[in-house]
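Following: one structure in structure tokens, then a few remarks.
Letters A, B, ... are given to chains in the order of the sequence lines, protein chains preceding strands, and every chain is numbered from 1. Hydrogens, waters and symmetry mates play no part in the numbers below; they use all other heavy atoms, side chains included.
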Amino acid sequence: MSDYKKTLNLPSTEFPMRGNLPKKEPGFIERWDSEELYFKMLKKREGKELYILHDGPPYSNGHIHLGTALNKILKDFFIKYKHLKGYKTPYVPGWDNHGMPIENKVTQEDKEVKELLKDRTALKKPEVKIKIREKCREFAKYWVEVQKKEFKRLGVLGDWEHPYLTMSTEYESEELRIFADLVEQGYIYRDMMTIHWCPKCQTALALAEIEYKEKESPSVWFRMKVKEDKANLFDGDEGYALVWTTTPWTIVSNLGLMFHPDFTYVVFEYEGTKYLVGEPHLERVLKEFGWEDIKIIKKVKGADIEGTVFWHPFIKRESPAVLAEFVTEEEGTGIVHTAPGHGKEDFEVGKKYGLGVLSPVNERGEFTEEAGEPFVGLSIDEGGKKVLEIMEQNGTLIKVGKIIHSYPHCWRCKSPLIFRATTQWFLSVDHNNLRKKALNEIKNVRWHPEEGENRIYASVSERPDWVLSRQRAWGVNIPALYCKKCGHVILDPQVIRNVADYFEKEGSDAWYKHPVEDFLPEGFKCPKCGGTEFDKEMDILDVWFDSGASNLTVLKESRGLRWPADLYLEGSDQHRGWFNASLMLGVAKRDRAPFRAVVTHGWVLDEQGRTMHKSLGNVIHPDEIIEKYGADIMRLWVASVDYTEDVKLGKEILQRMVDSYRKIRNTYRFLLGNLYDFDPEKDSLPYEELMPLDKFMLHKLETLKREIDKHYDNFETHRVFHRYFNFVVVDVSAFYLDVLKDRLYTWGKESKGRRSAQTVLYEILKTLLITFSPLLSFTTEEAWQYLPGKHEESVFLADWPANRDEWLNETLASEFEKLLEVRDAVLVALEIARKEKKIISDRLEARVLLKVDGEERNVIEKYRDLLPELFIVSQVELVSKEPDAEVTYEKDGIFIGVTHAKGKKCARCWVWHEEVGKDPDYPDLCPKCVAVLKGK
RNA sequence: GGGCCUAUAGCUCAGGCUGGUUAGAGCGCGCGCCUGAUAAGCGCGAGGUCGGUGGUUCAACUCCACCUAGGCCCA
């Protein structure tokens, strides 16, 4: 009986059922590398239109995380897709190397550097800087190599041997030349700016280096006498503004008083003296002072107080009233002491009102000459006490208490920070209409998702001038000169270009290594005093300038690239970061946005939708996933989610991806198994000779391909995934392949019916592999190797399947959709027959009686011979009355009856047939099988 | 505190922008079948009232307001 099994055409393939991805994937990477697949891909598209995705450089200071993995995988999706579509897609990965995190790491952990830095002033010495930079370079280089391996492990193809590094000599010199151009065009200027400063470490701190901690400070209440009472607050009498501060030392630098424009202010009289205070603050302040029996004189709106002038409490200096929204109701008096040199808001307001800036404090946190006697040389704490002393004496001090509040501290030495005004280099955002031009360019860029446009627009229209300088060691220097004679600061394009030439040859350490004379053009003199001796600027450029310049330094013809890029693809946090910086520099230099389209993705969150955080213990590392499941599972996950929003990842989600993967893989496997004896060149049938069901599947395949194509083009890879997966599961696996088994297994090996099916199976498999290869790169490549017939050595060297209009057959498709509706109803009836009535177990034991009315009747009759195959039952009988059977079922005018099939079960094809046994040579076979075995 | 965004079955996504029959799909789950895709394959079924509250409307998951939770950026 089982002898007949050998006469069947059962599937056969070497393509393994199990993926074993963690083990197998590295082999593919090696092969792609050694066979130079990336370059072969480029070569294949020689002369074709370019599609340039410009890589946003990740920071080289540790292993990649899920966010960077997500990012690179998405980039790989679109590059591969565009390549398959016929574009030439060179991809040059980049790394961002300079900057604070690496410098901090080195200065904190490198023994040699730590030793050098025991002397806190050492940081200023060129040789120490060179040492630090050397260590930083080593550090960055190490992590570039690590990340490179990790990115490659994800299956990302690109020119990994020639990436761009912001610390490379080539990059640094080009960057400096761009800077020189900007100087020449007048974008760069110098101005004061307040920064967080650690007096102990004697260094500026970036926002990320600040820790907020509780601190006890004095709570100082004092009064400032009116000088010019423009708003007639006090009716010609002597009057005082009540002011509060927690940093008495900054009173030395007071240059104004802030009022809230919308608050109401109250003038009241206490013991014969008139005072001004915010109305919301009045009660609290009186209680604080223990003042009773006051008399309210009048109320004034904050906005009206603007322009009133007060006297500094102890210096003969004016302090005008200005308006600002920073003033709060909760604290103080509603009148805020303003020292533009010592506070961010103060600085902004001071700049707006032209108050000037006083910052008479040196790097060690000591008062300078500028502070005047008796403060010179005092520390800020001592100075603060002195201030209180003086105000106590002259009667301006009202009360001193204590307050515990959150205050910024240095992350390194944990001591409280101060605000200091320093001179910095700026890029003017409004020079040459830069902002306006940039805003205009934003409209010409395709943003995905669309909300990105609002976000970048807001950040460009609101952004202040760009502070370019950093007081750091690890970065590209700003090659400015200080005239030794007159102190004049010079930023000369020619000098900068000379420096750039040195950078190109020696790297940016050249700035420290060479004497300043080496950089000067012949006969260079201080334009102000004619001096010929200069000091070098020690500030470096903001790292956002580094990466923001990448479009200009990297997208060059000499690299086979082109400016502007077709696509930028980064996390949505880059609207304010890299997109912004790139846009500014791109527009400043070339009057155009450096990108044609910008795609952004969200954050990777845990399964509950919370940020992954060490302290929450919910962090997942990419290599955990790769080692356990493989990169294709990760890629499949990326493909399955709508990345424009935040995406969740966790155990269940991964398990679902593994399940999906198995289904896809097994379907590939089964397709391959049924093509073991099929040579597409010899055995394919022309379209006209295909069986109707097979033509129908080509119609579905063609539709699928076109939809997927559209989704890729719209950057909607999750729609690609869902559409594709649904096709694989529903149309191919559950329907087509299941129905086809009889034809594939039991019909003659070279029968037309079988070849017809194989012709379509081959097209399906090939299309499935190519169209999904950007997403599921390893597995499609693996399966590709088993594809029969002549084909490219790699799926990535194939072309996106061309549109086949002739495969679209709407008439046939709508007929089959109707048949499928009937099929669905039949399946329900069969389930009843099996489960409730137990008259059948296997579907082939069933005989189906069918009565269909209306237009569907014609279709059913047209394809009546196909119905048993389609339902996978042994017999189908069309009846004209509602069937009288053991099992009946009706749905939407489709009447179904189920009985047990007549005749006997054919031992070979298992189909029940009344003519089984008719042939004496094969007493247990049906006529069809007999014919097959007798070779027709 | 401000800007932008998100919230549909256990999971991943549709739908709704142009408000109107029982809100769809696949996976997972449950129950079966098969043993000629077998650490596979097939079928059937049960799951949501669309984050919450209020409003507009004859009618809202879909429009508006507020709230809650979460995310990114900024302060």
Side-chain angles (χ1 to χ4, degrees), chain A residues 2 4-13 15 17-18 67 207 325-326 328 344-345 348 449-459 461-463 571-577 580 600-611 636-637 639-642 644-663 665-674 716 718-719 721-730 733-735 737-739 741-742 744-746 823-824 826-836 838 840-845 872 908-910:
Chain A
S2 64
Y4 293 119
K5 188 165 175 179
K6 291 178 195 128
T7 71
L8 298 172
N9 313 304
L10 293 178
S12 163
T13 177
F15 182 72
M17 180 176 252
R18 300 209 45 186
L207 242 49
E325 317 244 332
F326 307 116
T328 66
K344 191 176 161 53
E345 289 86 9
E348 281 172 30
E450 288 170 11
E451 297 84 60
E453 181 167 345
N454 293 333
R455 222 169 145 172
I456 185 93
Y457 196 92
S459 81
S461 45
E462 286 160 20
R463 72 161 297 160
S572 62
D573 54 329
Q574 296 305 330
H575 286 108
R576 206 166 272 269
N580 199 313
T600 56
H601 61 255
W603 234 236
V604 182
L605 310 174
D606 74 6
E607 218 148 14
Q608 280 80 38
R610 291 170 314 179
T611 319
L636 205 56
W637 166 72
S640 73
V641 295
D642 179 2
T644 61
E645 293 165 19
D646 294 335
V647 291
K648 290 189 273 189
L649 183 59
K651 241 176 133 189
E652 177 173 3
I653 294 169
L654 277 170
Q655 192 49 50
R656 290 294 85 78
M657 294 335 295
V658 170
D659 294 337
S660 306
Y661 176 81
R662 286 215 187 100
K663 186 70 191 187
R665 185 177 179 95
N666 263 317
T667 304
Y668 292 167
R669 182 164 182 269
F670 191 61
L671 286 164
L672 283 169
N674 283 297
E716 296 179 313
H718 68 290
R719 286 179 190 257
F721 170 85
H722 284 282
R723 182 68 181 81
Y724 183 97
F725 189 60
N726 213 70
F727 180 77
V728 167
V729 171
V730 179
S733 179
F735 171 61
L737 293 179
D738 207 29
V739 164
K741 280 175 192 168
D742 180 68
L744 289 166
Y745 295 176
T746 71
R823 182 179 193 261
D824 283 341
V826 169
L827 290 180
V828 174
L830 289 172
E831 190 64 22
I832 297 168
R834 170 159 47 211
K835 226 171 185 170
E836 292 174 21
K838 304 199 194 295
I840 59 162
S841 47
D842 185 346
R843 271 155 70 174
L844 283 174
E845 290 172 32
I872 319 184
R908 184 170 174 273
C909 70
W910 294 347

Subject >> Phosphate contact (rA37(B) OP1 or OP2) by Y668(A) side-chain N/O below 4.0 Å >> reply: no
Subject >> Atom CZ of R463(A): over 12 foreign heavy atoms under 6.0 Å >> reply: yes
Original post:
More 5' along RNA chain B: Y745(A) or D573(A), using each one's nearest nucleotide?
Top reply: Y745(A)
**OP:** Search all heavy atoms of T600(A) against all heavy atoms of P449(A) and return the closest pair with its distance.
**Re:** OG1-CD, 3.3 Å
**OP:** When you get a sec, tell me which of rC27(B), rA75(B), rC72(B) is the closest nucleotide to the side chain of K344(A)?
**Re:** rA75(B)
Original post:
Between atom CG in D824(A) and atom P in rC42(B), what is the gap in whole Å?
Top reply: 14 Å
**OP:** Kindly compute the distance separating CD1 (I840(A)) from CD1 (I832(A)), expressed to the nearest 0.5 Å.
**Re:** 10.5 Å
Original post:
Under the salt bridge (charged side-chain N to carboxylate O under 4.0 Å, His left out) test, which residues partner K344(A), sequence neighbours left out?
Top reply: E348(A)
Original post:
Between K741(A) and rA37(B), is there a side-chain N or O to OP1/OP2 distance below 4.0 Å?
Top reply: yes
Original post:
Taking atom C1' of rA39(B) as reference, at what distance in whole Å does atom CZ of F670(A) sit?
Top reply: 18 Å
Subject >> With sequence neighbours excluded, residues passing salt bridge (charged side-chain N to carboxylate O under 4.0 Å, His left out) with R610(A) >> reply: D606(A)
**OP:** For F735(A), check ring pair (Phe, Tyr, Trp, His ring centres under 6.0 Å) against everything at least two apart and list the hits.
**Re:** none
Subject >> Rounded distance (Å) that lies between atom P of rC5(B) and atom CZ of R576(A) >> reply: 14 Å
**OP:** Using a cut-off of strictly less than 4.0 Å, decide whether T611(A) has a side-chain nitrogen or oxygen near OP1 or OP2 of rG71(B).
**Re:** yes
Original post:
Between rC34(B) atom P and L830(A) atom CG, what is the distance in whole Å?
Top reply: 13 Å
Subject >> Rounded distance in Å - CG (L737(A)) to P (rA40(B)) >> reply: 17 Å
Subject >> Value in whole Å for how far the P atom of rG41(B) lies from CG of L10(A) >> reply: 17 Å
Subject >> Counterpart residues, ring pair (Phe, Tyr, Trp, His ring centres under 6.0 Å), relative to H575(A) (two or more places apart) >> reply: F579(A)
**OP:** Can you tell me the distance, in whole Å, between the NZ atom of K835(A) and the C1' atom of rC34(B)?
**Re:** 14 Å
**OP:** Mind checking L8(A) for me? I need base, sugar-phosphate or nothing, with any heavy atom below 4.0 Å counting as a touch.
**Re:** base
Subject >> 5'-to-3' dot-bracket of RNA chain B (Watson-Crick, G-U; under 3.5 angstrom; crossing pairs as [ ]; | other strand) >> reply: (((((((..((((......[...)))).(((((.......))))).....(((((..]....)))))))))))).
**OP:** Considering just the side-chain nitrogens and oxygens of K663(A), establish if one lies under 4.0 Å of OP1 or OP2 belonging to rC42(B).
**Re:** yes
Original post:
What is the minimum heavy-atom distance between E462(A) and R576(A), and which atoms define it?
Top reply: OE1-NH2, 4.0 Å
Subject >> RNA chain B: 5'-proximal contact among Q574(A) and E845(A) (nearest heavy atom) >> reply: E845(A)
Subject >> All salt bridge (charged side-chain N to carboxylate O under 4.0 Å, His left out) counterparts of E831(A), not counting sequence neighbours >> reply: R834(A), K835(A)
Original post:
Taking atom C1' in both rG48(B) and rA25(B), what distance in whole Å separates the two?
Top reply: 14 Å
Original post:
Do any side-chain nitrogens or oxygens of R665(A) fall under 4.0 Å of OP1 or OP2 in rA39(B)?
Top reply: no
Subject >> Euclidean distance for C1', rC63(B) against rC17(B) (whole angstrom) >> reply: 11 Å
Subject >> Under 4.0 angstrom between W603(A) side-chain N/O and rG71(B) OP1 or OP2 >> reply: no
Original post:
For R834(A), which contact category applies under a 4.0 Å heavy-atom criterion: base, sugar-phosphate, or nothing?
Top reply: sugar-phosphate
**OP:** With the side chain of E831(A) defined as its heavy atoms from C-beta on, choose the nearest nucleotide among rA37(B), rG43(B), rC72(B).
**Re:** rG43(B)
Original post:
Under 4.0 Å between a side-chain N or O of S841(A) and OP1 or OP2 of rC34(B)?
Top reply: yes
**OP:** Working to the nearest 0.5 Å, report the span between CD of E645(A) and CD of E451(A).
**Re:** 8.5 Å
Subject >> Protein-to-nucleotide contact annotation, 5' to 3' order, nucleotides 9-18 of chain B [B base; S sugar-phosphate only; - none; under 4.0 Å, heavy atom] >> reply: -BSBSSS---
**OP:** Applying side-chain contact (heavy atoms from CB on, under 4.5 Å), name anything that partners T7(A), two or more places apart in sequence or on another chain.
**Re:** Y4(A), R908(A), L933(A)
Subject >> rG45(B) to rG51(B) separation - C1' atoms, rounded to the nearest Å >> reply: 29 Å
Original post:
R669(A) CZ to rA37(B) P: how many Å, rounded?
Top reply: 11 Å
Original post:
Closest to the E645(A) side chain: rU6(B), rA37(B), rC44(B)?
Top reply: rU6(B)
Subject >> Residue W910(A), side-chain heavy atoms: nucleotide from rU38(B), rU35(B), rC72(B) that is nearest >> reply: rU35(B)
Subject >> K5(A) side-chain N/O to rG36(B) phosphate OP1/OP2 under 4.0 Å >> reply: yes
Original post:
Ignoring hydrogens and angles, does a donor from either the side chain of R843(A) or the base of rC33(B) sit under 3.5 Å from an acceptor on the other?
Top reply: no
Subject >> Under-4.0 Å side-chain N/O to phosphate OP1/OP2 contact, S733(A) with rC42(B) >> reply: yes
Original post:
Taking the chi torsion of rG16(B), is it syn (within 90° of 0) or anti (everything else)?
Top reply: anti
**OP:** Assign R908(A) to base, sugar-phosphate, or nothing according to its heavy-atom contacts below 4.0 angstrom with the strands shown.
**Re:** base
Subject >> Non-neighbouring partners of Y745(A) that pass ring pair (Phe, Tyr, Trp, His ring centres under 6.0 Å), sequence neighbours left out >> reply: none
Original post:
So what does N666(A) hit on the nucleic acid, given a heavy-atom distance under 4.0 Å: a base, only sugar-phosphate, or nothing?
Top reply: base
Original post:
Can you name the side-chain hydrogen bond (donor to acceptor under 3.5 Å, both in side chains) partners of K741(A), sequence neighbours left out?
Top reply: D738(A)
Original post:
Contact class for G609(A) (heavy atom, under 4.0 Å): base, sugar-phosphate, or nothing?
Top reply: sugar-phosphate
Original post:
Which residues satisfy the ring pair (Phe, Tyr, Trp, His ring centres under 6.0 Å) test with Y661(A), sequence neighbours excluded?
Top reply: none
**OP:** Compare the minimum distances between each of rC5(B), rA40(B), rU35(B) and the side chain of E451(A), then state the nucleotide with the smallest one.
**Re:** rC5(B)
Find every protein N or O atom lying less than 3.5 Å from an N or O atom of nucleotides 61-64 of chain B, and list the pairs.
none

**OP:** With rounding to the nearest 0.5 Å, note down the distance linking CG in L636(A) to CZ in F725(A).
**Re:** 8.0 Å
